[in-house]
Amino acid sequence: MTTLAEPAVDAAQDNLAALESEAIHIFREVAGEFDRPVILFSGGKDSTLLLHLAIKAFWPAPVPFPLLHVDTGHNFDEVLDFRDRVVEKHNLRLVVAKVQDWIDDGRLEERADGLRNPLQTTPLLDTISGNKFDAVFGGGRRDEERARAKERIFSLRNSFGQWEPRRQRPELWNLYNGRHRPGEQVRVFPLSNWTEADVWNYIARENVELPSIYYAHQRPVYQRDGMWLTEGPWGGPRDGEAVHDLTVRYRTVGDGSCTGAIESTAATVADVIAEVSASRLTERGATRADDRMSEAAMEDRKREGYF
């Protein structure tokens with residue numbers, strides 16, 4: 001005897017299968033069209049999912065692309081440890097661009113507010129150029145933020161790495177145009193059509209390992225601008241910001257100075273799926289201070305070359 005829930009479960013699995021097939025097709029298209037692709041990998045859930053799909057796309061051969069991490073120096077220890085374990089486990093090549101190196105030699109200056117997420121663009125572009133990467137995979141999804149929704153799966157960037165919305169090419173069916181002039185690059189987003197709920201449901205289906213901070217844990221945090229931040233090399237708390245030991249988790253992972261935790265008891269993937277299903281805020285809108293600077297903060301940074 002079947003229940004009404006069974007067709008919904010079947011439809012959800014069909015949707016995940018279609019999304020997986022599309023992403024794998026994109027990886028293989030890029031492998032065939034470009035000379036020097038690279039995968040942006042931070043150890044966060046979306047980049048970890050990207051790597052999982054790349055492994056499936058080329059199995060049993062190794063992933064034919066290196067990984068690139070722009071390290072702000074303000075990362076969570078749990079995430080860096082996870083990144084290094086994954087690289088070692090799959091015998092991958094990791095290129096690390098450290099923001100601190102650009103600060104030390106004068107190519108960048110520290111911001112007065114201490115945020116380093118906005119400083120990632122120059123190291124990213126310099127590393128892409130220096131390694132002659134012509135296709136750069138990113139984990140951006142269209143449901144994250146308004147500017148993300150404006151981009152195609154293949155997003156052409158000019159010779160300065162800048163995004164020009166008017167130069168976006170139409171994408172019909174699963175036909176992707178990777179043509180580019182010498183010096184130009186293409187950013188590639190295999191997760192464009194995924195939602196946060198899709199990501200978590202797929203993680204559950206595939207039993208994908210993630211950093212522990214995505215699940216509920218005890219952590220000392222203080223409140224600033226409506227977000228729970230934690231102590232770290234980025235400084236804080238300031239005078240008057242009381243520290244509390246709370247049960248929290250992170251919905252997204254970035255620079256610790258601007259990535260907030262949420263109060264949560266979701267300790268398993270199933271718990272997180274239930275929590276995400278009930279949320280009406282995207283993970284970036286809820287927990288990323290750098291996206292709150294202005295209505296067009298992300299779009300401005302993308303025009304400069306950020307993801």
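Computed from a predicted model, the values in this text were never measured in an experiment.
Atom CG of Leu119 and atom CZ of Arg107 lie 13.0 Å apart (nearest 0.5 Å). Remark: Arg251 CZ to Trp200 CH2 distance equals 10.5 Å, nearest 0.5 Å. Going from atom CG of Asp143 over to atom OG of Ser192 covers 10.5 Å, rounded to the nearest 0.5 Å. Here the OG-NE2 distance, from Ser257 to His74, works out to 6.0 Å after rounding to the nearest 0.5 Å. With values rounded to the nearest 0.5 angstrom, Asn15 atom CG is found 5.0 Å from Asp198 atom CG. Separation of atoms CD (Gln185) and CG (Asp134) is listed at 9.0 Å; rounding is to 0.5 Å.
Neither Leu50 nor Ile24 shares a network with the other; the hydrophobic side chains, linked directly or stepwise wherever heavy atoms of I, L, V, M, F, W or Y lie under 4.5 Å apart, form separate groups for each. Criterion: ILVMFWY side-chain heavy atoms under 4.5 Å apart, direct or through other members. Under it, Leu19 and Tyr202 are part of a common hydrophobic cluster. Under the 4.5 Å side-chain heavy-atom criterion for ILVMFWY residues, no single connected hydrophobic cluster contains both Val79 and Val221. A continuous path of hydrophobic side-chain contacts links Tyr214 to Val276 [ILVMFWY only; heavy atoms under 4.5 Å]. In this structure, Tyr215 is a member of the same hydrophobic cluster as Val208, with clusters built from ILVMFWY side-chain heavy atoms closer than 4.5 Å.
Across all non-hydrogen atoms, the minimal contact from Ala17 to Arg205 is N-NH1, 3.9 Å. Minimum heavy-atom separation, Ala23 to Pro190: CB-O, 3.9 Å. The minimum heavy-atom distance between Leu115 and Asp113, with the atom names listed, is N-OD1, 3.0 Å. Here the closest non-hydrogen pair linking Leu229 and Gly256 is CD2-O, 4.4 Å. Of all heavy-atom pairs between Gly43 and Pro211, the closest is O-CG, 3.1 Å. The minimum heavy-atom distance linking Ser277 with Ile273 is given by the pair OG-O, 2.7 Å.
Side-chain atoms of Leu49 and Leu191, non-hydrogen and from C-beta on, do get closer than 4.5 Å to each other. You'll find the side chain of Leu53 reaches within 4.5 Å of the side chain of Phe27, heavy atoms only. Proximity of Phe154 to Asn177: side-chain heavy atoms (C-beta onward) are nowhere separated by under 4.5 Å. Between Val99 and Asp71, every side-chain heavy-atom pair lies at or beyond the 4.5 Å cut-off. Ile213 places a side-chain heavy atom less than 4.5 Å from the side chain of Arg219. Val188 places none of its side-chain heavy atoms less than 4.5 Å from the side chain of Val136. Counting heavy atoms from C-beta outward, Val253 and Lys45 have side chains that stay 4.5 Å or more apart. At least one side-chain heavy atom of Pro118 sits under 4.5 Å from a side-chain heavy atom of Arg111.
Taking 4.0 Å as the cut-off between side-chain N and carboxylate O, Arg141 and Asp46 count as a salt-bridged pair.
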(message) Please evaluate residues Leu40 and Leu124 with respect to the criterion side-chain contact (heavy atoms from CB on, under 4.5 Å), reporting the C-alpha separation (whole Å), side-chain torsions for both, the decisive distance (0.1 Å), and the verdict.
(response) CA-CA 10 Å; Leu40 275 188; Leu124 172 65; 3.9 Å; yes
(message) With side-chain contact (heavy atoms from CB on, under 4.5 Å) as the criterion, how do Val38 and Phe137 come out once you've worked through the C-alpha distance, each side chain's angles and the decisive distance to 0.1 Å?
(response) CA-CA 6 Å; Val38 67; Phe137 290 99; over 6 Å; no
(request) Take Ile103 and Glu109 through the side-chain contact (heavy atoms from CB on, under 4.5 Å) test and state the conclusion after the steps. (result) CA-CA 6 Å; Ile103 294 173; Glu109 291 185 2; over 6 Å; no
(request) Go through the steps for Trp234 and Thr72 under the test side-chain contact (heavy atoms from CB on, under 4.5 Å), then give the verdict. (result) CA-CA 10 Å; Trp234 46 86; Thr72 66; over 6 Å; no
Identify all side-chain donor-acceptor contacts of residues 54-67 below 3.5 Å with residues at least two apart in sequence or on another chain.
{"from": "Lys56", "atom 1": "NZ", "to": "Glu20", "atom 2": "OE2", "distance (Å)": "2.7"}
{"from": "Lys56", "atom 1": "NZ", "to": "Glu206", "atom 2": "OE1", "distance (Å)": "3.1"}

Return a table of donor-acceptor pairs under 3.5 angstrom between the side chains of residues 82-98 and protein atoms on other chains or two or more places apart.
{"from": "Arg83", "atom 1": "NH1", "to": "His69", "atom 2": "ND1", "distance (Å)": "2.7"}
{"from": "Arg85", "atom 1": "NH2", "to": "Glu209", "atom 2": "OE2", "distance (Å)": "2.9"}

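For Ser47 (side chain) and Ser42 (main-chain N/O), a donor-acceptor pair under 3.5 Å exists by modelled atom type. Between the side chain of Ser129 and the main chain of Leu125, no donor-acceptor pair closer than 3.5 Å is present.
Every side-chain contact (heavy atoms from CB on, under 4.5 Å) that Thr247 has, sequence neighbours left out, goes to Ala216, Gln218. A search for salt bridge (charged side-chain N to carboxylate O under 4.0 Å, His left out) contacts involving Glu241 returns Arg224, not counting sequence neighbours. Under the rule for a side-chain contact (heavy atoms from CB on, under 4.5 Å), the partners of His25 that lie at least two apart in sequence or sit in another chain are Glu29, Asn174, Tyr176. Remark: Phe34 pairs with His180 by the ring pair (Phe, Tyr, Trp, His ring centres under 6.0 Å) rule, at least two apart or across chains. Applying the salt bridge (charged side-chain N to carboxylate O under 4.0 Å, His left out) rule to Asp81 yields no partners; only residues at least two apart in sequence or on another chain are considered. By the side-chain contact (heavy atoms from CB on, under 4.5 Å) test, Thr122 is found to be paired with Trp102, Leu108, Asp126, residues two or more places apart in sequence or in another chain being considered. For Ser155, the side-chain contact (heavy atoms from CB on, under 4.5 Å) partners are Glu151, Arg157, Trp163, Gln168, Arg187, Phe189, not counting sequence neighbours.
Residue pairs satisfying the salt bridge (Lys or Arg N to Asp or Glu O under 4.0 Å) criterion with at least one member in residues 268-279, sequence neighbours excluded, are listed as follows: Arg249-Glu275. Under the salt bridge (Lys or Arg N to Asp or Glu O under 4.0 Å) criterion, the residue pairs touching residues 114-124 are Glu110-Arg116, with sequence neighbours excluded. Annotation: ring-ring contact (aromatic ring centres under 6.0 Å, His included) contacts involving residues 243-275, sequence neighbours excluded, comprise Phe76-Tyr250, Trp228-His244.
No hydrogens or angles considered: nothing links the side chains of Asp255 and Asn75 as a donor-acceptor pair under 3.5 Å. Counting only N and O atoms by type, the side chains of Arg142 and Asn193 include a donor and acceptor under 3.5 Å apart.
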